[in-house]
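Numbers here simply count residues along the sequence, with the first being 1. Just so you know, ligand 1 is whichever comes first in the structure, and atom 1 is the first atom listed for that ligand.
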Amino acid sequence: MECGLVATHLNIQAGECIKVKGKILPEAKGFAVNVGKDRSNLVLHFNPRFDSHGDVNVIVCNSMEDGMWGTEERETDFPFQQGDKTEICISFDTAELTVKLAGDKEIVFPNRLGLENIEYLAVEGDFAIKAIKFS
Ligand SMILES: CCCO[C@@H]1O[C@H](CO)[C@@H](O[C@@H]2O[C@H](CO)[C@H](O)[C@H](OCc3cn(Cc4ccccc4)nn3)[C@H]2O)[C@H](O)[C@H]1NC(C)=O
């Protein structure tokens with residue numbers, strides 16, 4: 001399986017924003033944006049599923065601590081289309097993360113790990129990255 005982008009040692013502070021711009025592949029089954037401390041400690045696994053793991057047009061969000069998945073939260077208001085360009089902006093504080101999506105949609109997810117900074121970003125799956133911006 002092809003691997004997307006992985007960035008480490010980012011030291012992104014609370015209040016800053018991670019912007020991921022790209023194009024969803026035409027036949028996309030799903031993609032994921034992971035942020036956290038490292039690959040085994042994710043404060044957010046943001047996983048839009050077009051058709052995977054038995055889910056159709058569902059956003060699955062979860063955390064991972066020491067390699068163990070947490071409890072999933074699922075969103076069925078699905079602002080993504082296969083083949084479209086899209087932009088995802090993740091901001092956070094020690095209590096929660098906010099994911100800003102197209103159409104002024106927002107998803108809020110608890111900062112279960114209590115992270116004060118984000119070191120790790122990975123983008124995986126059927127997504128062609130065009131730009132990553134930290135602001
Ligand atoms: C009902 C009992 C079984 O529950 C199912 O258990 C599966 C295995 O844990 C759950 O699927 C996993 O959900 C995780 C989030 O909670 C992650 O999404 C797991 O995938 C990790 C992953 C990322 N990647 C890279 C990637 C990402 C996106 C597209 C293509 C490759 N490959 N594997 C994914 O395998 C799946 O979401 C879960 N379904 C439900 C309804 O709970």
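- Proximity of Arg49 to ligand 1 is established by a heavy-atom distance of less than 4.0 Å.
- Of all atoms in ligand 1, listed by their number and element, those nearer than 4.0 Å to a heavy atom of Glu72 are 10 (C), 13 (O), 14 (C), 15 (C), 16 (O), 36 (C), 37 (O), 38 (C), 40 (C), 42 (O).
- Pairs of residues two or more places apart, or lying in two chains, that qualify as ring pair (Phe, Tyr, Trp, His ring centres under 6.0 Å) and include a residue from residues 116-135 are Phe31-Phe127.
- For the pair Arg49 and Arg74, the minimum side-chain heavy-atom distance is below 4.5 Å.
- Checked against the 6.0 Å centroid threshold, Phe78 and Phe50 count as a close aromatic pair.
- Here the shortest heavy-atom distance to atom 14 (C) of ligand 1, taken over Trp69, Phe50, Phe31, belongs to Trp69.
- Taking each of Ala28, Ala32, Gly54 in turn, the one with a heavy atom nearest to atom 27 (C) of ligand 1 proves to be Ala32.
- At least one N/O-N/O distance between His53 and ligand 1 falls below 3.5 Å.
- Looking at Asp126 next to ligand 1, no N or O pair under 3.5 Å apart turns up.
- Side chains of Asn11 and Gln13: a donor on one and an acceptor on the other come within 3.5 Å.
- When each atom of ligand 1 is checked for a heavy atom of Gly30 under 4.0 Å away, the hits are 29 (C).
- Residue contact check: His45 has heavy atoms under 4.0 Å from atoms 15 (C), 17 (C), 18 (O) of ligand 1.
- Between Glu65 and Leu113, the closest side-chain pair of non-hydrogen atoms falls below 4.5 Å.
- Every atom of ligand 1 with a heavy atom of Asn47 under 4.0 Å away is listed here by number and element: 18 (O).
- For the ligand labelled ligand 1, residue Arg74 lies inside the 4.0 Å heavy-atom shell.
- Looking only at side-chain heavy atoms (C-beta outward), Asn62 and Arg112 come within less than 4.5 Å of each other.
- The side-chain contact (heavy atoms from CB on, under 4.5 Å) test applied to Cys17 returns Cys89, Ser135, not counting sequence neighbours.
- Side chains of Leu97 and Val35 form a contact here, defined as non-hydrogen atoms less than 4.5 Å apart.
- Residue contacts with ligand 1, taken as heavy atom pairs separated by less than 4.0 Å, do not involve Lys29 at all.
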